[in-house]
Protein chains: 2
Amino acid sequence: MKNRLKVLRAERDWTQAQLASALEVSRQTINAIEKGKFDPSLPLAFKAARLFNLTIEDIFDDEVETT
Amino acid sequence: MKNRLKVLRAERDWTQAQLASALEVSRQTINAIEKGKFDPSLPLAFKAARLFNLTIEDIFDDEVETT
DNA sequence: CAATAAAGTCAAGTGAACTTTACAAAAAAT
DNA sequence: ATTTTTTGTAAAGTTCACTTGACTTTATTG
């Protein structure tokens with residue numbers, strides 16, 4: 001699943017560690033999500049949406065790649 | 001996490017089994033989510049939103065209960 | 001260049017999302 | 001009232017979200 005976390009972080013000049021702290025998860029979790037290694041849980045997606053004042057759909061993109 | 005699945009099902013006169021089939025999960029998964037036993041994964045939440053033509057936020061409610 | 005901070009990654013562990021199988025309880029239909 | 005459908009629930013197993021700890025690689029900065 002694609003996501004805009006890296007851009008949203010950059011806009012605020014936040015490190016992965018700072019975002020992790022704001023979302024109360026580990027830095028490795030943020031890194032893994034940004035790198036697409038796994039999807040966040042729904043509660044974590046909600047928490048990120050609240051943090052950035054956006055909808056989940058604004059941040060995460062579930063669409064399937066067209067070949 | 002609260003959700004409107006039961007109502008959305010009722011509006012369409014669908015059984016849990018029918019919704020499960022549409023979302024490609026087991027009937028027990030739908031039952032457990034409706035009963036609040038666990039939260040859906042983010043991909044499943046997206047799939048439900050697409051199915052009902054709603055946003056994730058329209059269907060699922062992450063807000064904390066005020067005591 | 002050297003030092004430090006940030007990002008990337010790996011391994012091992014825990015817990016939760018989801019499965020199948022199975023059965024009981026409740027609701028609907030005949 | 002009996003049958004059939006739907007819902008609820010439980011146990012056991014698999015996979016994945018997430019953790020901690022440790023280490024390497026890439027940026028940043030003095």
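Chain identifiers are assigned alphabetically (A, B, ...) following the order of the sequence lines, protein sequences preceding nucleic acid strands; residue numbering begins at 1 within each chain. FYI, side chains are in, hydrogens and waters are out, and symmetry mates aren't considered; it's all heavy atoms of this structure.
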Spacing of B/Leu19 atom CG relative to D/dT5 atom C1', expressed in whole Å: 17 Å

So, OP1 or OP2 of C/dG8: does either fall under 4.0 Å of a side-chain N or O from A/Asn31? yes

Search all heavy atoms of A/Asn3 against all heavy atoms of A/Lys6 and return the closest pair with its distance. OD1-N, 4.5 Å

Tightest non-hydrogen contact, residues B/Gln16 and B/Arg9, listed as N-NH1, 3.4 Å

Kindly give the heavy-atom pair with the smallest separation between B/Asp58 and B/Arg4, and that separation in Å. O-CD, 3.5 Å

To the nearest Å, give me how far apart CG (B/Leu23) and C1' (C/dA17) are. 15 Å

Residue whose nearest DNA chain D nucleotide is more 5′ - B/Pro43 or B/Lys6: B/Lys6

When rounded to whole Å, the CD to P distance for the pair B/Gln28 and C/dC23 reads 14 Å

If I take atom NZ in residue A/Lys37 and atom P in nucleotide D/dT15, what distance separates them, rounded to the nearest angstrom? 18 Å

Which whole-number value in Å describes the distance from B/Phe38 CZ to C/dT19 P? 8 Å

Could you state the atom-to-atom distance from CD1 of B/Ile30 to C1' of C/dA17 in whole Å? 12 Å

Nearest-nucleotide 5' precedence on DNA chain D, A/Thr29 against B/Lys35: B/Lys35

With heavy atoms under 4.0 Å as the rule, sort A/Ser41 into base, sugar-phosphate or nothing. sugar-phosphate

Separation of A/Leu44 atom CG from D/dT19 atom C1', in whole Å? 13 Å

From C-beta outward on A/Gln16, which listed nucleotide comes closest to its side chain: C/dA7, D/dA17, C/dC18? C/dA7

Closest approach of B/Thr55 and B/Ala49, non-hydrogen atoms and distance? C-CB, 3.9 Å

When all nucleic acid strands are considered with a 4.0 Å heavy-atom cut-off, which category describes B/Thr15: base, sugar-phosphate, or nothing? sugar-phosphate

Candidate nucleotides C/dC18, C/dT19, D/dC18, ranked by approach to the side chain of A/Pro40 - the nearest: D/dC18

If you measure from the Lys or Arg side-chain nitrogens to the Asp or Glu carboxylate oxygens, is any gap between B/Arg50 and A/Asp62 under 4.0 Å? yes

Where the side chain of A/Ser26 is concerned, which of D/dT9, C/dC18, D/dT19 is the nearest nucleotide? D/dT19

Nearest whole Å is fine: how far is C/dA22 P from B/Arg27 CZ? 14 Å

